Amino acid sequence: TIKGWVNTRRDHGKIVFIDLRDRTGVVQVVCTEAAKDLRSEFVVSVTGLVKARPEKLINKNLPTGTIEIEAQEIEVISQSEELPFDMGKEVLDVELPTLLDYRALTLRHPRVQAIFKVQEVVIDAFRQALKARDFMEFQAPCITPAVAEGGAEVFRVQYFEHEAYLSQSPQLYKSLLVGDFERVFSVNKIFRAEPSVTTRHLTEVVSLDAEFGFIESWLDVLEMQEYVVRFIFGQVEKKCAKELELYGATLPKLADKIPHIKLREAQEIIYKRTGRDCRQEKDLSPEDEREICRWSRQERGSDLVFVSHFITKEKPFYICPDPEDPTYVLSVDLIGRGVEWSSGGQRLNDYQQILKNAKEWGVKEEDVELYLQSFRYGVPPLGGFALGAERMTMHILGLKNIREASLFPRDMERIDVRLNR
RNA sequence: GGGGCUGUAGCGCAGUUGGUUAGCGCGUCUCCCUGUCACGGAGAAGGUCGCGGGUUCGAGUCCCGUCAGCCCCGCCA
């Protein structure tokens, strides 16, 4: 007896073929006319005999193509309504809004499922990589007391008779915890109320965060980041060959060492290559990021490139300025395939300096009280980084829109269903 | 917030310089088929062309407005 969903039905009159699907794959069931009433996505229980197919009837395109099941009895367990689109195609031919409007159904398609198998491996590999380096996993809070960092917009929530916010980053908590556990990481949801309607932004994101103490320099953070990314790629390559093939995807090519350049060097390179002068800009634009990726690929043989030394004033108060030139910070973004994959850097660990910076940045002491407490009682030099799980998944598979890489994407216009209907 | 593009059957699309009955593929329904595996064959149903207004003898097509969607830019520790 085998139970599963009807993938497709091929009716030949006296003989009917059913492709039966369950979590392990698809197998062909040979039925009599009794199967005439079965439709796509019906859940059925088939009792019958597993038989080897005659040589001529072997389907080489199907992993189970050498066998088939001769049905003796078929019981319908659950019926399905008529499908809104064709699920039998190798590639679901629907537009993004349809893909998401029918999410419960589209997630049954093997090519859609592949996305989330890759994502699972990415997240699992992140955990493995850090546990192997003696990091401890922690659960970050989602409700936070105040907006401690400028920058990204935050969601406000009613918290009894008080106001609270949804966490836009576990940053302060993971840094704080370095004072307690030395090496920590978390896999957690973060929330951003940016009014951004783009192919790479979501309001609810899975963030892969790591932070550790006793670093000799910010380069230790960069190395740890590189180790983790390489480990993740290795696991995806090993465990997701089938999924990568479905998308014709290849993992980013990495040089022996991922090249690393400073923001100003990157801008100089872009100026020399394109004549576009962005040397005074405070950050790389999307086009700049694409150009620097082209450079990295051509000149250094690497699809990924670290860009460091962003402008101190543009970064949060806790980032460590470069002692050699405090205009720039010891923070680093990992850029690949034209977009940002992760960002990290060295943080301040000197209590007085953090206090001073907080004041300068306009951060109220009382809003970061718990964070500051940690640094009053001794914290080693520290740093860390964060990767976006959806962005990694998206760019590993070459998806066009990040919403495809989120099971239930939230954006300005959608929470499960479209908000403007 | 700025710009570009799109909106035609359940889904994906075509529709010429404005012209009389708006098409195609898939899916759905009926019938035929014992070897298909995206089965095949015959037939059928299914549309106020996003919505509102205008120009015109006549609008899916042109104009204005509006709503929705997609993409780019901006915003984005």
Side-chain angles (χ1 to χ4, degrees), chain A residues 7-20 26-33 36 39-41 53-62 64-65 68 70 81-102 105-106 147-154 167-172 174-175 190 192-203 205 207 209 282-287 290 310 312 314-319 329 331-333 339-340 342-345 347 361 363 384-386 388 391 400-401 403 411-414 418-421:
Chain A
N7 231 17
T8 52
R9 184 187 87 243
R10 290 179 294 280
D11 189 339
H12 287 252
K14 294 250 169 24
I15 185 168
V16 180
F17 300 100
I18 299 290
D19 285 344
L20 195 69
V26 173
V27 68
Q28 173 166 280
V29 179
V30 187
C31 320
T32 58
E33 292 153 272
K36 269 203 170 357
R39 298 288 178 271
S40 290
E41 296 308 315
R53 295 199 197 183
E55 188 105 24
K56 277 194 300 193
L57 302 175
I58 287 174
N59 183 351
K60 277 173 280 176
N61 300 320
L62 199 65
T64 58
E68 61 189 6
E70 200 177 280
E81 288 180 16
E82 182 185 325
L83 302 184
F85 39 77
D86 192 353
M87 287 285 286
K89 295 199 170 188
E90 274 174 46
V91 179
L92 261 188
D93 191 15
V94 295
E95 296 212 316
L96 186 63
T98 310
L99 182 80
L100 300 178
D101 285 344
Y102 290 95
L105 184 60
T106 55
V147 188
E149 315 172 32
E153 298 286 330
V154 292
S167 172
Q168 51 168 299
S169 162
Q171 180 61 50
L172 299 183
K174 68 177 180 177
S175 290
I190 59 168
R192 294 180 180 196
E194 289 303 325
S196 300
V197 186
T198 75
T199 50
R200 58 187 186 282
H201 288 91
L202 295 168
T203 54
V205 177
S207 181
D209 272 90
K282 56 189 178 153
D283 202 352
L284 297 176
S285 72
E287 180 49 37
R290 287 190 282 272
F310 292 92
T312 304
E314 300 296 328
K315 292 286 175 179
F317 73 97
Y318 50 76
I319 305 270
V329 273
S331 73
V332 56
D333 283 3
V339 289
E340 194 182 317
S342 79
S343 64
R347 331 294 184 187
W361 262 250
V363 174
F385 56 92
R391 280 197 183 179
K400 292 252 155 49
N401 194 309
R403 276 153 253 232
D411 59 43
M412 271 185 93
E413 276 123 17
R414 179 186 295 271
R418 294 183 225 181
L419 299 171
N420 298 313
R421 283 195 294 181

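The shown structure was predicted, so the numbers you read here are calculated from the model rather than taken from an experiment. Numbered from 1 within each chain, the chains take letters A, B, ... in sequence-line order. Side-chain atoms are counted along with the backbone in the values below, which use heavy atoms only and exclude waters and symmetry mates.
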_Distance test, side-chain N/O of A:Thr98 to OP1/OP2 of B:G12, below 4.0 Å_ = yes
_salt bridge (charged side-chain N to carboxylate O under 4.0 Å, His left out) against A:Asp333, all qualifying residues, sequence neighbours excluded_ = none
_Who pairs with B:G25 - Watson-Crick or G-U, where each distance is under 3.5 Å_ = B:C11
*What does A:Glu95 touch in the nucleic acid at a heavy-atom separation under 4.0 angstrom: a base, only the sugar-phosphate, or nothing?*
sugar-phosphate
*Rounded interatomic separation in angstrom, taking NZ from A:Lys36 and C1' from B:C31*: 10 Å
_Quick check on RNA chain B: between A:Asp209 and A:Asn61, whose nearest nucleotide comes earlier from the 5' end?_
A:Asn61
*asked:* Test side chain to side chain contact (heavy atoms under 4.5 Å, CB included) on A:Ile319 and A:Arg347; report intermediate values, then the result.
replied: CA-CA 4 Å; A:Ile319 305 270; A:Arg347 331 294 184 187; 3.7 Å; yes
*Could you tell me which nucleotide pairs with B:A42 by Watson-Crick or G-U wobble geometry, both distances under 3.5 Å, or answer none if nothing does?*
B:U30
*asked:* What's the gap between B:C51 and B:A42 when it is taken at their P atoms, as a whole Å value?
replied: 35 Å
*Would you call A:Arg414-A:Asp101 a salt bridge at under 4.0 Å N-O?*
yes
*Between B:C71 (P) and A:His201 (NE2): distance, integer Å*: 13 Å
_Roughly how many Å apart are B:C72 and B:A9, using the C1' atom of each and rounding to a whole number?_
32 Å
*Reading nucleotides 39-45 of chain B from the 5' end, what letters show protein touch, with B for base, S for backbone sugar-phosphate only, - for no heavy atom under 4.0 Å?*
B------
*In whole angstrom, give the distance that lies between atom CD1 of A:Ile18 and atom C1' of B:A38.*
15 Å
*A:Glu82 has an atom CD; how far is it from atom P of B:G46, in whole Å?*
14 Å
*With heavy atoms under 4.0 Å as the rule, sort A:Pro195 into base, sugar-phosphate or nothing.*
base
_Any donor-acceptor pair, under 3.5 Å, between the side chain of A:Glu68 and the base of B:G35, if you only look at N and O atoms?_
yes
_Value in whole Å for how far the P atom of B:C37 lies from CG of A:Leu57_ = 11 Å
*Looking only at atom C1', what distance separates B:G7 and B:U66, rounded to whole Å?*
13 Å
*Touch check for A:Ser285, heavy atoms < 4.0 angstrom, all strands: base, sugar-phosphate only, or nothing?*
sugar-phosphate
*For the side chain of A:Lys14, starting at C-beta, report the closest nucleotide among B:G27, B:G35, B:U34.*
B:U34
*Would you mind telling me which of B:C75, B:C26, B:C70 lies closest to the side-chain atoms of A:Asp86?*
B:C26
_Partner nucleotide, any strand, of B:C5 [Watson-Crick/G-U, under 3.5 Å]_ = B:G69
_Test item: A:Met412 and A:Pro195 side chains (from C-beta on) under 4.5 Å apart, heavy atoms_ = yes
*asked:* Please give the distance between the P atoms of B:C11 and B:G35 as a whole number of Å.
replied: 36 Å
*Indicate whether OP1 or OP2 belonging to B:C72 is found under 4.0 Å from a side-chain N or O atom of A:Thr199.*
yes
*Looking at B:C76, B:C26, B:U36, which one has an atom nearest to any side-chain atom of A:Gln28?*
B:U36
_Atom-pair distance (CG on A:Asp411; C1' on B:C76), nearest Å_ = 15 Å
*What's the CG-P distance between A:Leu100 and B:C11, to the nearest Å?*
15 Å
*Are the side chain of A:Ser207 and the backbone of A:Ala386 linked by a donor-acceptor contact shorter than 3.5 Å?*
no
*Can you tell me how far C1' in B:G2 sits from the matching atom in B:C75, rounded to whole Å?*
12 Å
*For atom P, what is the distance between B:G1 and B:G58, given to the nearest Å?*
40 Å
_Taking salt bridge (charged side-chain N to carboxylate O under 4.0 Å, His left out) as the definition, give me every residue that meets it alongside A:Arg10, ordered by chain and number, with sequence neighbours left out._
A:Asp19
*If you check every side-chain atom of A:Pro84, which of B:G10, B:C73, B:C26 has the closest atom?*
B:G10
_Exam field: side chain A:Thr98 to backbone A:Val94, donor-acceptor pair closer than 3.5 Å_ = no
*What is the distance, rounded to the nearest whole Å, between atom CZ of A:Arg39 and atom C1' of B:U28?*
9 Å
*Ignoring backbone atoms, test whether A:Asn59 places a side-chain nitrogen or oxygen under 4.0 Å from the OP1 or OP2 oxygen of B:G35.*
no
*Would you confirm whether A:Trp361, through its side chain, and A:Lys315, through its main-chain N or O, come within 3.5 Å as a donor-acceptor pair?*
yes
*A:Arg391 near the nucleic acid: base, sugar-phosphate alone, or nothing, with a heavy-atom cut-off under 4.0 Å?*
nothing
*From B:C70, B:G35, B:G10, nucleotide with atom closest to A:Leu96 side chain*: B:C70
*Between A:Glu287 and A:Leu62, name the one whose nearest nucleotide on RNA chain B is closer to the 5' end.*
A:Leu62
*Report yes or no: does A:Arg9 contribute a side-chain atom to a donor-acceptor pair with the main-chain N or O of A:Phe17 at less than 3.5 Å?*
no
*Checking all strands, does A:Arg53 fall into the base, sugar-phosphate, or nothing category for heavy-atom contacts under 4.0 angstrom?*
base
_At 4.0 Å (heavy atoms only), tell me whether A:Pro286 reaches a base, stays on the sugar-phosphate, or touches nothing._
sugar-phosphate
_In whole Å, measure the gap between the P atoms of B:G19 and B:A59 for me._
11 Å
*Check: A:Asp209 and A:Phe385 side chains under 4.5 Å, non-hydrogen atoms*: no
*Can you find a donor-acceptor pair, distance only, under 3.5 Å between A:Ser196 side chain and B:C75 base?*
yes
_Nearest-angstrom distance, P atom, B:C5 to B:A38_ = 41 Å
*Does the side-chain ring of A:Phe17 sit on the six-membered ring of the B:U36 base, less than 5.5 Å centre to centre and under 30° in tilt?*
yes
*Is there a donor-acceptor contact under 3.5 Å from the side chain of A:Lys36 to the main chain of A:Val16?*
no
